[in-house]
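One structure is given below, encoded as C-alpha cells.
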Amino acid sequence: MRKSVCFCLLICMLSVLIGCGGSVPKESTIAVDKKGKITDTIVEEFDKDFYDSEELQGEIESELAEYNKNYATDHITMKKFEVKDGTATLQLVFDGSEYYEDYTETTLFNGTVAEAQAGGYELNGELLDADGAKLSLGDLNGADEAKVLVMETDETVKVEVPGTILAVSAGGNVNVTGKKQAAVADGGLSYIIYK
C-alpha cells in the first residue's frame, strides 16, 4: 500500500524543525498493549508560523478515513493531535502491528517467538539479557511462552511492552531502560523479547 502522505508530511515537517536548531523536546514512543494494539506517539517542537496545525490535523484525519474505508471497522485512530506551547503531539492507535506496517511501510511485528520464527525473523543470533549479558534464545527460561517485538526505525524511539523484557538484539541499537521499556535506535531490525 502507498506510504501515508500525512504521516510522512508530519515526519518531514518535524524533521525540518529539528534541522532548524534549538532545543527540541522529543519523546517519540511506540507502545504495545496486552491486546497487541500499537500506540505511536510523536512529540516534537512545532513553533513556526508557516505551519498550520488545523490544516495538518484535517489532512491526517482525511488520510486515516481514506485508509479505514477499506475495512469494515476502523483499524487506525487518532487518539490525540495537539499543538500547545510550541510542541506538537500526535498519537495514533493501530489495532495491530500489521496495520502499523501497512500504513507506515516500516517493519513492526508483535507476536510469539514461534510466530516470529515462522515469519522468517532470525532469533537464533546473539542476544543480550536485560542486564547486558550475552545469551542465546535457548538460554532464556520460558522462551516458548515469550513474545517478541521486531521493529526497524530510522530514529531513536522509546519502546514500551506489556511484559518484562527478557532479552534484546545484540547489535548495539537496543538499550533496556526499564523493566518494560527500551530505547531503540537506527541499526537494522531490532528484537525485544518479553514475557
Side-chain angles (χ1 to χ4, degrees), residues 1-4 7-8 11 28-42 64 67-77 79 91-195:
M1 181 160 200
R2 65 184 173 83
K3 190 162 218 141
S4 165
F7 191 75
C8 289
I11 296 299
S28 295
T29 304
I30 294 177
V32 180
D33 73 9
K34 290 181 180 182
K35 295 180 182 179
K37 287 191 174 193
I38 309 295
T39 301
D40 185 14
T41 305
I42 300 170
L64 294 178
Y67 179 87
N68 285 319
K69 79 176 188 179
N70 296 312
Y71 302 97
T73 185
D74 290 353
H75 292 294
I76 306 172
T77 56
K79 186 173 182 180
Q91 191 169 58
L92 299 176
V93 179
F94 300 81
D95 279 349
S97 57
E98 66 273 23
Y99 302 108
Y100 181 95
E101 285 188 318
D102 186 37
Y103 185 74
T104 66
E105 294 185 351
T106 58
T107 300
L108 190 121
F109 168 86
N110 185 58
T112 66
V113 168
E115 289 169 339
Q117 290 174 322
Y121 295 108
E122 294 291 328
L123 301 174
N124 296 327
E126 191 175 273
L127 300 169
L128 300 175
D129 70 12
D131 296 321
K134 293 180 182 179
L135 63 118
S136 69
L137 188 61
D139 297 331
L140 282 177
N141 288 333
D144 296 340
E145 301 162 11
K147 290 199 165 194
V148 62
L149 178 68
V150 180
M151 63 181 294
E152 191 167 20
T153 182
D154 59 1
E155 64 179 343
T156 299
V157 64
K158 180 180 174 184
V159 176
E160 298 175 354
V161 294
T164 301
I165 295 176
L166 303 175
V168 297
S169 48
N173 60 321
V174 183
N175 181 32
V176 177
T177 58
K179 185 177 175 181
K180 298 179 180 188
Q181 295 90 25
V184 178
D186 184 13
L189 288 180
S190 301
Y191 303 95
I192 300 173
I193 300 172
Y194 64 96
K195 187 173 176 185

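Side chains are part of it too, since the values below use all heavy atoms of this structure and drop only hydrogens, waters and symmetry mates.
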Using atom types as modelled and distance alone, determine if a side-chain donor or acceptor of E101 lies under 3.5 Å from a backbone N or O of E98. no

Nearest heavy atoms of I76 and N68, plus distance in Å: O-ND2, 2.8 Å

Yes or no on side chain to side chain contact (heavy atoms under 4.5 Å, CB included) for K79 and V93, after CA distance, side-chain angles and deciding distance? CA-CA 7 Å; K79 186 173 182 180; V93 179; 3.9 Å; yes

Straight-line distance of L166 CG to D139 CG, nearest 0.5 Å: 12.5 Å

When you look at I30 and L108, which way does the side chain to side chain contact (heavy atoms under 4.5 Å, CB included) test go after all the steps? CA-CA 10 Å; I30 294 177; L108 190 121; 4.0 Å; yes

For T106 and D154, what are the C-alpha separation, side-chain angles and deciding distance, and is it a side chain to side chain contact (heavy atoms under 4.5 Å, CB included)? CA-CA 10 Å; T106 58; D154 59 1; over 6 Å; no

Judged by modelled atom types alone, do Y100 and N110 share a side-chain donor-acceptor pair under 3.5 Å? no

Side chain proximity check, D40 to F94, heavy atoms < 4.5 angstrom: yes

Flag side-chain contact, heavy atom, 4.5 Å: V168 against L127: no

Could you report the tightest heavy-atom contact between A116 and V148, atom names first, then the distance? CB-CG1, 3.4 Å

Quick check: do E155 and S28 have side-chain heavy atoms less than 4.5 Å from each other? yes

Main chain of G171, side chain of S169: is a donor-acceptor contact present, judged purely on distance under 3.5 Å? no

Tell me the closest heavy-atom pair linking V176 and A130, and the distance in Å. CB-O, 3.9 Å

Over 60° means perpendicular and under 30° means parallel, so classify the ring planes of Y121 and F109, tilted if in between. tilted

Heavy-atom nearest pair, Y194 first then L149, reads CE2-N, 4.2 Å

From L92 CG over to L64 CG, what is the distance, rounded to the nearest 0.5 angstrom? 6.0 Å

Step-by-step side chain to side chain contact (heavy atoms under 4.5 Å, CB included) determination, I193 to I165: CA-CA 6 Å; I193 300 172; I165 295 176; over 6 Å; no

Decide yes or no for K179 and V161: does some side-chain heavy atom of the first lie under 4.5 Å from some side-chain heavy atom of the second? no

Treating D131 as the side-chain partner and A133 as the backbone partner, does any N or O pair qualify as donor plus acceptor under 3.5 Å? no

Within the structure provided, determine whether K134 and E126 are in side-chain contact (heavy-atom separation under 4.5 Å). yes

Can you check whether V159 reaches M151 side chain to side chain, under 4.5 Å on heavy atoms? yes

Side chains of K147 and K195, heavy atoms from C-beta outward: is any pair under 4.5 Å? no

Correct closest heavy-atom pair for I38 and G96 would be CG1-C, 4.0 Å

Nearest atoms (heavy-atom pairs only) where S190 meets N173: OG-ND2, 2.6 Å

Residue from T39, T41, T29, T77 passing side-chain hydrogen bond (donor to acceptor under 3.5 Å, both in side chains) with Q91: T41

Min side-chain heavy-atom separation T73-H75 under 4.5 Å: yes

Under 6.0 Å between ring centres: does that hold for Y99 and Y67? no

